[in-house]
Amino acid sequence: DAKTTQPPSMDCAEGRAANLPCNHSTISGNEYVYWYRQIHSQGPQYIIHGLKNNETNEMASLIITEDRKSSTLILPHATLRDTAVYYCIVRVRQAGTALIFGKGTTLSVSS
Amino acid sequence: NAGVTQTPKFQVLKTGQSMTLQCAQDMNHNSMYWYRQDPGMGLRLIYYSASEGTTDKGEVPNGYNVSRLNKREFSLRLESAAPSQTSVYFCASSGGQGLNSPLHFGNGTRLTVT
């Protein structure tokens with residue numbers, strides 16, 4: 001079973017920040033938080049990952065709480081092309097370890 | 001670079017038929033994975049190969065076999081297809097030397113078993 005809990009759906013207006021929450025209250029010290037998204041029926045796309053510090057890249061920011069039991073993915077200026085299913089996944093830091101996907105959050109961005 | 005290439009893109013089988021789904025990556029990745037995705041569901045791990053020469057079962061391995069043919073290729077075989085195996089199948093790879101290397105996915109094979 002997936003070790004994360006996400007809301008099934010969220011809405012966001014185009015141009016606004018989209019904040020997607022994820023609960024991972026049983027996360028272990030050696031587990032990272034990964035975010036992927038899947039647009040339509042394409043293969044999932046990697047967005048960002050982190051251990052305990054906040055992370056930012058060209059796509060998004062990842063905020064992890066100090067106790068590491070939850071995190072938030074932030075898309076700073078959502079566009080219509082960001083409409084997708086977003087998956088939050090925890091994964092041990094070990095080569096070859098597989099990702100276990102949950103059902104994710106369907107983000108709908110509207111104009 | 002092509003990344004992860006899956007063939008075929010679409011396939012229709014009759015119950016009981018067999019087939020092999022092919023996957024190849026050109027990123028020199030060590031690890032490869034097979035997932036399936038049913039309508040309205042998240043991805044479920046079927047099998048994975050942490051490195052060349054090894055394979056391990058995932059969440060839903062029953063009815064499937066895999067072969068890590070070499071570092072580039074990881075195939076998934078359905079010996080006797082069943083309607084319950086109608087799904088979209090995704091192959092992914094990760095690796096190099098980075099323990100946190102993200103997974104790169106192919107575009108999927110859409111399989112229908114009648």
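Heavy-atom basis, side chains included; hydrogens, waters and symmetry copies ignored.
- Following chains of ILVMFWY side-chain contacts shorter than 4.5 Å, one cannot reach A/I27 starting from A/I63, and the two form parts of different hydrophobic clusters.
- Hydrophobic clustering (side-chain heavy atoms under 4.5 Å, transitive across Ile, Leu, Val, Met, Phe, Trp, Tyr) keeps B/Y33 apart from B/Y64.
- By the neighbour-count criterion of 12 heavy atoms within 6.0 Å, atom NZ of A/K52 is sparsely surrounded, having that number or fewer from other residues, nucleotides or ligands.
- With a 4.5 Å cut-off on side-chain heavy atoms, B/L103 and A/Y34 do not count as touching.
- Interatomic distance, A/Q38 CD to B/F90 CZ, rounded to the nearest 0.5 Å: 5.0 Å.
- With a 4.5 angstrom heavy-atom cutoff, B/Q37 touches chain A only via side-chain atoms.
- For B/E79, the salt bridge (Lys or Arg N to Asp or Glu O under 4.0 Å) criterion is met by B/R77, not counting sequence neighbours.
- Separation of atoms CZ (A/F101) and CZ (B/R44) is listed at 13.5 Å; rounding is to 0.5 Å.
- In terms of hydrophobic clustering, with Ile, Leu, Val, Met, Phe, Trp and Tyr side chains grouped at heavy-atom distances under 4.5 Å, A/Y87 and A/L107 are assigned to different clusters.
- Only the side chain of B/R110 has a heavy atom closer than 4.5 Å to any heavy atom of chain A.
- A/I89 and A/Y86 are members of different hydrophobic clusters when ILVMFWY side chains are connected at heavy-atom separations under 4.5 Å.
- Between the side chain of A/Y36 and the backbone N or O of B/P102, no donor-acceptor pair lies under 3.5 Å.
- The parts of B/L43 that come within reach of chain A are both its backbone and its side chain, each placing non-hydrogen atoms under 4.5 angstrom from that chain.
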